[in-house]
Amino acid sequence: MKLADNNQRKKRISRKEQKARKKQRCQSGPDKTFSPSEHSAESATAVSSPVPSLEDPDDSYVPTPIPTYDQLRAQHKAKPLGKWFPKAMVLKSTLPENLSSKASLVLFYQYINPAWPESVVQTLMGFLCELAQRRTLGGRIRVAPEGVNATISSVDTENSTAATTLRHFARDLQRFHEGFLQTDFKFIDGLSTDRHFTNFKMFPVQELVFYGLSSEQAPLSKGGVHLEPNEFHKRLEDEGTVVVDVRNHYEALIGRFNGQEQQNEKGAAEYVDPMMRKSTDFSSWLERPGTQERLRGKQVLLYCTGGVRCERASAYLNQKMGSNLKGVYQLRGGIERYLQAFPDGGHWRGKNFVFDKREAVGVDNPDGDGGIVRKGMKPIQIETQCCICHKPWDRYIGKKKCETCGVPVLMCDSCMSSIKKRNPKPLVRCPLCIEENVTVRAEEVEYTNNGVNVTASTNTSEAKGKMAPSILKWGGGHASQKKDKRRFQGKPCRFGAECSRPDCFFAHPSERCESKSKLTLHKA
């Protein structure tokens with residue numbers, strides 16, 4: 001009898017098998033053996049309901065009340081994002097219990113003119129917190145007096161589908177301010193559940209995209225002419241045209257517009273990559289005589305991921321060279337909108353690097369590459385390689401970054417597993433640093449102004465080698481020093497008042513010697 005009971009028990013499966021079954025359920029859609037009674041009637045209605053349009057009336061839409069920012073901050077008890085973002089907020093997002101649920105994304109930006117006063121910015125931030133809680137939202141959103149830039153996600157729930165939730169979120173924004181009536185909301189539906197953000201992060205900033213340019217240097221009123229994807233596609237085939245990639249070089253490495261060069265024998269737009277590590281490099285690139293000569297007398301097309309970076313870049317280009325060009329144009333909605341208009345890819349080659357959990361999106365892969373490396377990866381369309389072993393590779397995984405400038409690097413799964421065991425350990429560098437012979441590590445330099453002005457670190461007598469002209473991450477090499485200082489500042493220095501090292505991390509008596517003539521390097 002005991003043996004029979006044991007045979008009737010369910011066989012216990014390993015964690016690996018559990019993950020495999022979960023993956024199979026996500027790929028095959030709803031579980032066919034799942035009992036309908038386990039789903040509520042509301043859930044069945046929500047999943048089968050059509051996706052509402054922003055233009056047409058929607059009876060299912062219930063407006064969200066707009067409270068004050070202070071009320072909501074106290075209500076949700078949102079935690080800040082540390083010292084660098086003291087006013088940023090993080091709210092937890094709800095995860096679905098049903099593995100067959102789907103996720104949706106909406107990407108959008110909106111510049112506002114005239115700029116919002118601080119009172120409106122605070123009210124909007126409070127309203128966004130309320131929306132995140134009520135509408136089951138995740139994602140990242142930057143809020144500034146000049147507007148909003150966001151990537152927002154949602155998942156299917158018992159009361160609403162993810163697609164409907166995000167359309168209702170867009171309606172809430174349009175009701176908040178009339179400027180959002182002109183917003184180009186880019187919806188991506190039917191994604192796997194793991195593409196949903198687990199947190200809702202909100203950053204109050206001064207600029208939606210940091211270019212280091214004032215409104216006088218690059219007034220948005222002088223921005224380029226917006227072209228729909230079909231018109232942009234045609235102009236890519238025009239001779240005497242230059243198409244400029246406004247993204248960073250590590251993004252352009254795995255995908256770009258240069259298919260027109262192979263398809264059009266008569267002539268096509270010349271592809272130009274400014275080789276930028278970050279947006280602040282755009283102005284210095286445009287200042288070069290070689291750049292201006294290359295663009296002079298040409299029709300210039302600009303593009304980026306979703307369109308927001310082109311706004312300020314096209315305005316600056318028009319301000320600097322507008323009279324010497326045949327026109328400045330930009331792709332409305334960016335690469336995201338173009339690939340929706342051209343499912344076969346059109347003149348696009350490779351993958352579109354995105355700043356959400358999809359990681360990089362190919363023409364035949366709307367869910368993106370995000371997640372683990374699986375067997376049977378699709379062939380690489382662009383000639384890219386691992387930064388260590390140089391085998392063909394086109395995925396940014398493991399958050400591996402260039403050790404000399406901080407940008408993401410392409411490193412294959414094999415090298416990721418073995419790099420710590422190598423002796424000596426190789427210096428991980430991006431293609432730009434290799435081409436420019438940059439050898440000074442980012443941790444050995446100090447910089448200000450969001451990584452634009454780079455100088456030798458104060459604790460290094462002389463930088464041996466060439467430093468990168470700009471570094472990606474805010475805080476720079478001295479950020480690790482500040483972390484150590486916070487860690488050790490409560491411990492007394494064993495040299496006491498006699499310590500004369502100016503950058504010593506340890507605590508000293510009030511009568512510490514101020515003389516800095518002798519810089520004694522020591523360990524406490």
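None of the values given here were measured: they were computed from a predicted structure. In this chain, residues are counted from 1 in sequence order.
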Tell me if the aromatic rings of F185 and F180 count as close, with their centers under 6.0 Å from one another.
no
When you compare the side chain of R312 with that of S279, does any pair of heavy atoms fall below 4.5 Å?
no
So, H347 versus F257, ring centres under 6.0 angstrom or not?
no
Donor-acceptor pair, distance only, cut-off 3.5 Å: does the side chain of S417 make one with the backbone of D413?
yes
Counting N and O atoms only, with roles assigned by atom type, does the side chain of R441 sit under 3.5 Å from a partner on the main chain of E403, one being a donor and the other an acceptor?
no
For D369, which of R358, R195, K351, K357 qualifies under salt bridge (charged side-chain N to carboxylate O under 4.0 Å, His left out)?
K351
Tell me whether D273 is salt-bridged to R247, with the criterion being a basic N under 4.0 Å from an acidic carboxylate O.
no
Quick check on side-chain contact (heavy atoms from CB on, under 4.5 Å): which of V438, V428, L432 does T404 satisfy it with?
V438
Do side-chain atoms of S314 reach the backbone of G223 as a donor and acceptor pair under 3.5 angstrom?
no
Compute whether any side-chain donor of one residue and acceptor of the other, for D281 and S470, lie under 3.5 angstrom apart.
yes
Before accepting this row, confirm whether a basic side-chain N of the pair R332/E228 lies closer than 4.0 Å to the acidic partner's carboxylate O.
yes
Quick one: sort the Y303 and W348 rings into parallel, tilted or perpendicular, breaks at 30° and 60°.
perpendicular
Under a 3.5 Å distance rule, please check whether T193 uses its side chain to pair with a backbone N or O of S101 as donor and acceptor.
yes
Does D172 come within less than 4.0 Å of R167, counting only side-chain N to carboxylate O?
no
Show me the pairs that pass ring-ring contact (aromatic ring centres under 6.0 Å, His included) and involve residues 136-155, at least two apart or across chains.
none
Would F353 and Y396 count as a close aromatic pair, with their ring centres under 6.0 Å?
yes
Could you tell me the separation between the CD atom of E251 and the CZ atom of F355, rounded to the nearest 0.5 Å?
4.0 Å
